Amino acid sequence: MELCPKSRYYQIIAIVSSILILKLLSLRVEGRSQLESISYPSINCRKHTALLTDFGGVGDGETSNTKAFNSAIANLSQFASDGGAQLIVPPGKWLTGSFNLTSHFTLYIHKDAVLLASQDEKEWPQLAVLPSYGRGRDGPGGRFSSLIFGTNLTDVVVTGGNGTIDGQGAPWWMKYRSKQLNITRPYLIEIMYSDKVQISNLTLINSPSWNVHPYYCRNVLVQGLTILAPIDSPNTDGINPDSCANTIIEDCYIVSGDDCIAVKSGWDQYGTKFGMPTKHLLIRRLTCISPDSATIALGSEMSGGIKDVRAEDITAIDTQSGVRIKTAIGRGGYVKDIYVRRMTMKTMKYVFWMTGSYGSHPDPGFDPKALPEITGINYRDMMAENVTYAARLDGIENDPFTGICISNVTIGLTENPHKLHWNCTNVQGVTSRVTPPACDLLPAKKDNSDCFYPKDKLPIENVKLKTCFLK
Ligand SMILES: *[C@@H]1O[C@H](CO)[C@@H](O)[C@H](O)[C@H]1NC(C)=O
Ligand SMILES: *[C@@H]1O[C@H](CO)[C@@H](O)[C@H](O)[C@H]1NC(C)=O
Ligand SMILES: *[C@@H]1O[C@H](CO)[C@@H](O)[C@H](O)[C@H]1NC(C)=O
Ligand SMILES: *[C@@H]1O[C@H](CO)[C@@H](O)[C@H](O)[C@H]1NC(C)=O
Ligand SMILES: *[C@@H]1O[C@H](CO)[C@@H](O)[C@H](O)[C@H]1NC(C)=O
Ligand SMILES: *[C@@H]1O[C@H](CO)[C@@H](O)[C@H](O)[C@H]1NC(C)=O
Ligand SMILES: *[C@@H]1O[C@H](CO)[C@@H](O)[C@H](O)[C@H]1NC(C)=O
Ligand SMILES: *[C@@H]1O[C@H](CO)[C@@H](O)[C@H](O)[C@H]1NC(C)=O
Ligand SMILES: *[C@@H]1O[C@H](CO)[C@@H](O)[C@H](O)[C@H]1NC(C)=O
């Protein structure tokens with residue numbers, strides 16, 4: 001066989017590479033105009049637009065883009081008072097460590113873009129512990145900043161055409177399990193002390209820990225998130241609204257190793273001192289799969305109080321419990337005015353679960369006389385199949401959970417259910433049209449009427465989204 005002469009070889013290389021370059025160039029041009037025709041719903045559109053590649057971003061899955069993100073956002077922050085800016089992450093694989101958002105700003109992750117979270121701890125700056133927690137959750141020390149972090153902002157959006165954020169969490173889960181961390185693992189998205197926040201149309205996978213954490217925010221819209229993590233991964237909560245007011249979480253699909261949604265407001269004496277409740281929260285059209293955790297947990301950190309939470313049109317499959325209240329002596333605070341309706345559940349350990357003895361304290365400095373107030377808990381219009389326990393409701397001795405109302409609920413039990421279908425201690429309330437019949441502490445209402453669900457709308461439900469373009 002004739003060997004390819006060197007000159008011919010170089011000729012071929014030259015032709016092939018010029019074709020490639022032409023193709024890349026045309027893709028770039030086509031790419032920009034194709035991008036410009038993409039639209040998305042948002043609380044605010046922006047006057048200025050940039051691509052991550054304008055700031056040296058490289059989407060090869062190997063080059064770190066932390067600097068590119070930081071310089072892009074530093075640059076675009078100058079437009080905050082001039083119509084705002086959007087930063088587009090185009091198709092590609094973008095490795096990055098933690099970076100900070102700015103106000104009047106949109107981060108848009110294209111449908112074919114994947115943000116890959118760096119596994120190098122040096123790419124994750126450390127932050128002080130949260131004031132309402134007093135310590136990190138994984139250890140007493142500080143915490144790693146979240147992948148996408150923002151604090152003291154107004155009008156900030158993280159969205160995309162269902163683009164992906166991959167937390168690459170496996171090494172973090174391993175370090176956590178083998179107790180190699182005294183600093184709390186990073187979350188994927190955390191926005192603190194901010195007003196007008198939108199997080200929407202994204203797929204979040206394999207977070208090192210929690211996925212989405214709005215903390216002490218107002219006017220928060222979370223919409224259209226797909227959140228996926230192995231069902232045995234540690235603390236991979238889906239969405240954790242924490243000390244936030246006026247929040248909506250809708251159209252989300254969550255499979256995780258911890259609670260799909262966990263509503264919080266601080267831990268024991270730290271949460272009491274911080275004193276910022278989660279209130280006026282609506283969760284709707286949620287699908288949850290979490291065999292070892294709750295569909296919606298209220299607590300266990302609830303010392304700043306949780307009130308006026310509404311949830312409707314919720315589906316849970318192969319999940320440990322429906323709505324679960326978790327609290328303990330020493331928490332103080334309250335969980336009250338909770339309204340849930342239209343929940344469909346299949347293969348559940350518990351439909352209703354309340355735990356007054358959750359324990360888990362930040363340190364021994366909690367006040368053992370600080371009793372939580374759990375009252376005004378309303379559940380109605382639910383169907384469940386293949387359930388092991390209908391309800392396990394454990395209040396606190398001398399501090400009963402009161403004002404419980406459950407109506408129009410049909411629970412089908414598994415072939416081998418727990419013998420006591422409803423196990424109630426230290427609770428007070430009523431039921432109406434509930435099968436199997438509830439415990440004696442929750443007697444049937446004489447008039448068979450339904451439990452209350454509010455008719456008014458939360459202000460966040462009236463927010464009209466605009467149609468924005470990537471140009
Ligand atoms: C950042 O902003 C300045 C001022 O608007 C602009 O001139 C400059 O080109 C920008 N930097 C980059 C890398 O785009
Ligand atoms: C991001 O914000 C945190 C908290 O304000 C700060 O400590 C950190 O230095 C910021 N990082 C960058 C790159 O600006
Ligand atoms: C951010 O907001 C919090 C709460 O209002 C405040 O305590 C803190 O000082 C603010 N930080 C900055 C950097 O403005
Ligand atoms: C978003 O992507 C996820 C993962 O590929 C997929 O399961 C989900 O259906 C997508 N959502 C939408 C609205 O397209
Ligand atoms: C973590 O704790 C170990 C001892 O348990 C200590 O040697 C190490 O310095 C700590 N690391 C950090 C980053 O604080
Ligand atoms: C974003 O998500 C919402 C809610 O799931 C959906 O109605 C909307 O069509 C999505 N928009 C885009 C651009 O994907
Ligand atoms: C009872 O709940 C079911 C959903 O499980 C609902 O379809 C039905 O309309 C409810 N009945 C009444 C009278 O509200
Ligand atoms: C019912 O639940 C049990 C667990 O209690 C599970 O093993 C079984 O597969 C479920 N059956 C159906 C039909 O989903
Ligand atoms: C009912 O709940 C109480 C309080 O948690 C517990 O001590 C008891 O063992 C339970 N009863 C049964 C039969 O499971």
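Please read all numbers here as calculations on a predicted model, not as lab measurements. Just so it is clear, the values below take in all heavy atoms, side chains as well, and ignore hydrogens, waters and symmetry mates. Each ligand, and each atom within it, is numbered from 1 in the order the structure gives.
- No side-chain donor-acceptor contact under 3.5 Å links H213 and N240.
- Judged purely by atom type and a 3.5 angstrom limit, S118 uses its side chain to pair as donor or acceptor with the backbone of D120.
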After noting the C-alpha distance and the side-chain angles of I43 and N219, does the key distance pass the side-chain contact (heavy atoms from CB on, under 4.5 Å) rule? CA-CA 11 Å; I43 52 173; N219 307 315; over 6 Å; no
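- A heavy-atom separation below 4.0 Å is not found between K419 and ligand 9.
- Checking side-chain atoms of S303 against main-chain N and O of D268 turns up a donor-acceptor pair under 3.5 Å.
- Although no hydrogens or angles enter the test, the distance criterion places a donor-acceptor pair under 3.5 Å between the side chain of S207 and the main chain of S209.
- Defined by atom type and a distance below 3.5 Å, a donor-acceptor pair is present between the side-chain atoms of S200 and Q198.
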Report all N/O contacts between ligand 1 and the protein shorter than 3.5 Å as a table of atom names and distances to 0.1 Å; if there are none, say 'none'.
| unit_1 | atom_1 | unit_2 | atom_2 | d |
| --- | --- | --- | --- | --- |
| ligand 1 | 2 (O) | N75 | OD1 | 2.8 |
| ligand 1 | 2 (O) | N75 | ND2 | 2.6 |
| ligand 1 | 2 (O) | Q78 | NE2 | 3.0 |
| ligand 1 | 5 (O) | Q78 | NE2 | 3.4 |
| ligand 1 | 11 (N) | N75 | ND2 | 2.8 |

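- Considering both main-chain and side-chain atoms, N423 comes within under 3.5 Å of ligand 9 through a nitrogen or oxygen pair.
- For ligand 3, the polar-atom distance check against N152 finds a nitrogen or oxygen pair separated by under 3.5 Å.
- Classification of the Y216-F274 ring pair by plane angle, with boundaries at 30° and 60°, yields perpendicular.
- Listed for the R331 side chain is no donor-acceptor partner under 3.5 Å among the backbone atoms of M302.
- Less than 4.0 angstrom separates some heavy atom of L420 from each of these atoms of ligand 9: 13 (C).
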